[in-house]
Amino acid sequence: MSSMDDMSEYQDVLVQLARLGLAGRPQDVQAYLRRVIRRLGPEDVQLASSLGTLLAASPSRSNPMRDAGAGLLPIDADSRLSLLRHEYPVALTETPILSTVLRNRLEYVIEERRHLGELASQGLSATRTLLFVGPPGVGKTLCARWLAERLDRPLLILDLSTVMSSYLGKTGANLRSVLDYAKSIDSILLLDEFDAIAKKRDDEGEVGELKRLVTVLLQEIDDWPDTSLMVAATNHGEMLDPASWRRFDDILHFEMPGEDLRINAICRAFGDDSGKVESWTPVLARVWDGQSFSDIVRTVRRIRRQATVQRRSINDTLLEALENELKQATFSVKREAARKLHESDVSDRKIHEITGLSRDTLRKMWRMAGDTRPTSNSDNI
């Protein structure tokens, strides 16, 4: 568009500004307004001046997204939708729960970024590319956001649903547009679901154009600059092209949380209620063996919401929610849960209902433990 005289052009501008504003993307709004001001030129000096004044009063120009030099975030030419989501500043309400090994390796990445000059003097570069591999819900995306927060850098998240096009030539152009933009600014680029792009090139189901796209992507990883950090995350490492593994500076494997990390996650998820269920935490960690962090958080939040809405104690609600899980648990977990209930003076009948252990089994357990107290008749938890 060379002129802003046509009313339809003004309407298009308003629609685009409304879309960006309602999507909560102030940096895109600012960049788009700069483009509009340039288009207005001498045609509407007063309007251009008013918009320029608004931009001058907008948040600090020290914002990395404003000084990127790359202008508006890359968009798909047909849909006009942004190919990237961005966050800046990144503000986390919680930090990732990590094993000591993972946390140390990520801390090293952060520390390297603070010594770029010293590394360069030795002919070395900081870690430029990371590959996060692991099942869903173990903290891969959260760790990328944590890195962005710690380094005070914008987080750019590739939206694969908009990059992948039915026209494979378009997909290549979209991907190159995203990568060129991310390389131009000091940022953290997260390529989530990396396996959707970097599939094995020997997959007979893939056409030649997509295989060439993988080749281009691997070359981009090789040439990634020090000024930006690329983080690729995948739930399916077995689907990646073998060549992609050796392209990354470091590969971090995220495992399902062990018992200690599950206990940490349970305590954090219960928040202010954690003290009320403290004695149950080891049992919960065993019952929820094999669950991811996100699984645990989702379950705990549901229990807390239910307790709040029904105005019941957190322990009552917890045990009700666990009843089915305990019945399917191993005998050792059931036994540990039964002991906790017995210590709380819960009746054997109620313990049987919750754990599925027979009352004869419960009596034998108490005798073997040297518990000579009479069985409580209380049915209350």
Side-chain angles (χ1 to χ4, degrees), residues 85 87 90 92-107 109 130-150 155 157-158 160-161 188 190-196 198 231-240 248 250-271 273-274 277-278 280-307 314 317-330 332-334 336-337:
R85 290 185 291 118
E87 296 181 38
V90 176
L92 297 181
T93 57
E94 60 182 14
T95 57
I97 299 174
L98 300 168
S99 66
T100 302
V101 172
L102 271 180
R103 182 171 292 277
N104 286 343
R105 287 171 72 175
L106 289 170
E107 289 286 359
V109 172
L130 295 170
L131 177 61
F132 291 174
V133 183
V138 292
K140 300 188 297 297
T141 301
L142 179 59
C143 277
R145 299 187 70 233
W146 179 69
L147 283 172
E149 181 190 51
R150 291 285 304 276
L155 175 65
I157 305 173
L158 177 61
L160 289 171
S161 64
I188 310 295
L190 173 61
L191 301 179
D192 209 357
E193 300 182 43
F194 185 61
D195 48 274
V231 178
T234 178
N235 301 332
H236 304 286
E238 73 282 356
M239 294 178 61
L240 296 182
F248 288 91
D250 201 359
I251 299 172
L252 282 70
H253 292 272
F254 289 70
E255 307 291 345
M256 294 297 280
E259 187 169 342
D260 288 347
L261 295 183
R262 290 198 301 275
I263 288 175
N264 192 335
I266 291 167
C267 292
R268 179 185 291 186
F270 271 108
D273 292 324
S274 60
V277 299
E278 184 176 0
W280 275 97
T281 301
V283 179
L284 297 177
R286 296 192 62 188
V287 171
W288 291 337
D289 184 14
Q291 294 196 22
S292 68
F293 292 123
S294 61
D295 293 331
I296 292 171
V297 170
R298 183 167 52 249
T299 301
V300 171
R301 286 177 178 172
R302 185 181 68 246
I303 292 169
R304 295 184 70 190
R305 286 195 301 267
Q306 186 176 343
I314 193 70
T317 311
L318 170 62
L319 292 179
E320 182 181 278
L322 284 179
E323 186 169 332
N324 290 333
E325 295 185 69
L326 282 171
K327 287 180 179 177
Q328 300 171 22
T330 63
S332 62
V333 173
K334 292 180 179 181
E336 190 170 348

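Residues Phe293 and Phe254 place their aromatic rings such that the two centres sit no closer than 6.0 Å.
A distance-only check finds a donor-acceptor pair linking the side chain of Arg304 to the backbone of Phe270 [under 3.5 Å]. Using modelled atom types, one side-chain atom of Arg262 and one backbone atom of Pro257 make a donor-acceptor pair closer than 3.5 Å. In this structure a side-chain-to-backbone donor-acceptor pair under 3.5 Å is missing from Glu325 to Val287. Using modelled atom types, one side-chain atom of Arg105 and one backbone atom of Ile251 make a donor-acceptor pair closer than 3.5 Å.
Annotation: the span from Ile314 atom CD1 to Leu319 atom CG amounts to 10.5 Å, rounded to 0.5 Å. Atom CD of Glu107 and atom OG1 of Thr100 lie 11.5 Å apart (nearest 0.5 Å). Gln291 CD to Met256 CE: the interatomic distance, rounded to the nearest 0.5 Å, is 7.5 Å. Rounded to the nearest 0.5 angstrom, Phe194 CZ and Leu240 CG are separated by 6.5 Å. Atom-to-atom distance recorded for Arg298:CZ and Ile296:CD1 is 10.5 Å, nearest 0.5 angstrom.
Contact annotation: the side chain of Val231 approaches that of Phe132 to within less than 4.5 Å [non-hydrogen atoms, C-beta and beyond]. Two residues are said to be in side-chain contact when any heavy atoms from C-beta on lie closer than 4.5 Å; Val300 and Asp273 fail this criterion. Considering only heavy atoms from C-beta on, Ile157 comes within 4.5 Å of Glu87 through its side chain.
Taking all atoms of both residues into account, the shortest heavy-atom contact from Cys143 to Leu98 is SG-CD2, 3.5 Å. In this structure, Ala148 and Leu155 approach most closely via the heavy-atom pair CB-CB, 3.9 Å. Minimum heavy-atom separation, Val133 to Leu131: CG2-CG, 3.7 Å.
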| said: Ser332 vs Arg286, test: side-chain contact (heavy atoms from CB on, under 4.5 Å). Steps then yes/no. | reply: CA-CA 9 Å; Ser332 62; Arg286 296 192 62 188; 2.8 Å; yes
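Within a 6.0 Å sphere centred on CD of Glu278, other residues, nucleotides and ligands contribute 12 heavy atoms or fewer. When the shell of 6.0 Å around CZ of Arg103 is examined, it contains more than 12 heavy atoms from other residues, nucleotides or ligands.
With respect to Lys140, the side chain to side chain contact (heavy atoms under 4.5 Å, CB included) criterion is satisfied by exactly one of Leu252, Thr234, Asn235, Asp192: Asn235.
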